[in-house]
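Take a look at the structure below.
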Amino acid sequence: MMINFIFVFVFIAGACKAVMDTLQFHYDDSIFESPNDRYWDASLSWRNKYKNKDVEQGEKFWGSTTIFVALTDGWHLFQALFLGFIFLSIVTYNPILNYEVKWLSMLFDYCLLRVIFGLSFNLFYYKILKR
């Protein structure tokens with residue numbers, strides 16, 4: 001039963017990675033683009049974790065540069081989600097096929113999950129998140 005969740009977790013992780021890369025490298029031609037957006041525009045939003053957006057003034061609030069950084073901007077939010085879904089896929093992992101040779105099972109699973117991740121990333125990065 002858990003095997004179905006692994007596919008979903010890896011698919012969502014691929015989508016989250018696509019959001020991160022879109023915000024970082026293609027914000028201007030993405031669905032997120034808007035004038036003076038300080039939450040989604042990764043070139044500006046990284047400063048949200050600092051008091052008055054100034055690194056020299058330190059954290060905006062306790063944990064804004066560490067444990068609560070996902071609350072400060074879109075890129076860090078999707079990084080937290082990406083890592084969360086990767087970790088969920090690890091802890092819920094069961095071999096998809098049980099070959100007698102364990103490394104064959106692991107190789108098959110790796111290839112299948114990598115394809116799912118890649119398809120999800122490409123679907124979101126090149127299609128869904130583009131303006």
Side-chain angles (χ1 to χ4, degrees):
M1 178 81 159
M2 281 304 221
I3 194 73
N4 297 331
F5 289 111
I6 292 169
F7 295 126
V8 172
F9 294 155
V10 169
F11 184 87
I12 295 171
C16 290
K17 179 67 171 126
V19 171
M20 292 166 54
D21 285 4
T22 298
L23 294 175
Q24 188 169 4
F25 302 115
H26 296 287
Y27 172 77
D28 291 336
D29 61 344
S30 75
I31 63 171
F32 301 100
E33 194 273 330
S34 67
N36 300 317
D37 193 336
R38 301 217 180 260
Y39 185 80
W40 293 109
D41 186 350
S43 68
L44 304 172
S45 65
W46 67 272
R47 295 181 172 274
N48 292 349
K49 51 190 165 182
Y50 300 106
K51 197 177 297 176
N52 298 317
K53 301 188 183 347
D54 181 3
V55 177
E56 298 296 321
Q57 292 184 34
E59 291 185 323
K60 186 173 189 171
F61 54 87
W62 182 84
S64 67
T65 61
T66 55
I67 192 166
F68 298 120
V69 73
L71 303 175
T72 63
D73 64 283
W75 190 92
H76 284 99
L77 171 64
F78 277 88
Q79 180 190 41
L81 292 170
F82 166 72
L83 291 171
F85 283 108
I86 290 293
F87 294 141
L88 280 170
S89 68
I90 291 168
V91 301
T92 60
Y93 173 75
N94 286 313
I96 295 166
L97 294 178
N98 282 313
Y99 292 117
E100 293 210 13
V101 181
K102 184 174 176 132
W103 69 267
L104 277 176
S105 295
M106 293 172 68
L107 179 63
F108 175 82
D109 291 355
Y110 171 82
C111 292
L112 180 60
L113 294 171
R114 185 64 186 97
V115 166
I116 291 169
F117 181 91
L119 289 172
S120 171
F121 177 88
N122 283 289
L123 173 67
F124 280 85
Y125 188 74
Y126 292 108
K127 300 289 183 196
I128 295 173
L129 300 175
K130 291 282 185 190
R131 190 165 29 109

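Everything numeric in this text was worked out from a predicted model, so none of it was measured.
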inquiry  = Which heavy atom of N48 sits nearest to which heavy atom of K60, and what is that distance?
reply    = O-CD, 3.2 Å

Pair L119-I116, side chain to side chain contact (heavy atoms under 4.5 Å, CB included): steps then yes or no = CA-CA 5 Å; L119 289 172; I116 291 169; 5.7 Å; no

query = Do the rings of F61 and F68 sit parallel, tilted or perpendicular, given the 30° and 60° boundaries?
reply = tilted

inquiry  = When you group the ILVMFWY residues by side-chain heavy-atom contacts below 4.5 Å and let the links chain together, are F5 and I12 in the same group?
reply    = yes

Steps toward side chain to side chain contact (heavy atoms under 4.5 Å, CB included) verdict (F124, V19) = CA-CA 8 Å; F124 280 85; V19 171; 5.6 Å; no

query = Could you give the distance from CG (L23) to NE2 (H76), rounded to the nearest 0.5 Å?
reply = 11.5 Å

ask   = Are F25 and F121 co-members of a hydrophobic cluster defined by side-chain heavy atoms under 4.5 Å apart?
value = yes

request  = Would you mind reporting whether L112 and F7 have side-chain heavy atoms less than 4.5 Å apart?
outcome  = yes

task = Would you please classify the geometry between the F78 ring and the W40 ring as parallel, tilted or perpendicular, with 30° and 60° separating the classes?
result = tilted

query = Rounded to the nearest 0.5 Å, what separation is found between the CE atom of M106 and the SG atom of C111?
reply = 12.0 Å

request  = Specify the closest pair of heavy atoms between I6 and L113, including all atoms of both residues, with the distance to one decimal.
outcome  = CG2-CD2, 3.6 Å

request  = Mind checking salt bridge (charged side-chain N to carboxylate O under 4.0 Å, His left out) for K130 and listing every partner two or more places apart, or none if nothing turns up?
outcome  = D29

query = For E59, what residues pass the salt bridge (charged side-chain N to carboxylate O under 4.0 Å, His left out) criterion, not counting sequence neighbours?
reply = none

message = Checking S30 against Y125 for the side chain to side chain contact (heavy atoms under 4.5 Å, CB included) test, could you report, in this order, the C-alpha distance in whole Å, the side-chain angles of both residues, the deciding distance, and whether it holds?
response = CA-CA 9 Å; S30 75; Y125 188 74; over 6 Å; no

query = If you take all heavy atoms of K17 and F117, which pair is closest and at what distance?
reply = CB-CZ, 3.9 Å

task = Spell out, yes or no, whether Y110 and L88 are grouped together once hydrophobic residues are joined by side-chain heavy atoms under 4.5 Å, including indirect joins.
result = no

inquiry  = Nearest 0.5 angstrom please: R47 CZ to K53 NZ, how far?
reply    = 10.0 Å

inquiry  = If you compare all heavy atoms of Y39 against all heavy atoms of L71, which two are closest, and at what distance to 0.1 Å?
reply    = CE1-O, 4.5 Å

request  = Applying side chain to side chain contact (heavy atoms under 4.5 Å, CB included), run through I67 and W62 and close with a yes or a no.
outcome  = CA-CA 9 Å; I67 192 166; W62 182 84; 4.1 Å; yes

task = Might you confirm whether atom CD of E56 has over 12 heavy atoms from other residues, nucleotides or ligands at distances under 6.0 Å?
result = no

Exam field: side chain D41 to backbone Y27, donor-acceptor pair closer than 3.5 Å = no

message = When you group the ILVMFWY residues by side-chain heavy-atom contacts below 4.5 Å and let the links chain together, are L123 and L81 in the same group?
response = yes

task = Mind checking the OG-CG spacing from S64 to D73? Nearest 0.5 Å is all I need.
result = 10.5 Å

key: From CZ (F32) to OG (S45), nearest 0.5 Å   = 11.5 Å

key: Which atom of T22 lies closest to which atom of L129, heavy atoms considered   = OG1-CD1, 3.5 Å

ask   = For A13 and I86, which heavy atoms make the closest approach, and how far apart are they?
value = CB-CD1, 3.8 Å

query = Applying the 4.5 Å side-chain criterion to the ILVMFWY set and letting contacts propagate, would I31 and M20 be lumped into a single cluster?
reply = yes

query = Which distance, rounded to the nearest 0.5 Å, do you find between the CZ of F82 and the CH2 of W75?
reply = 9.5 Å

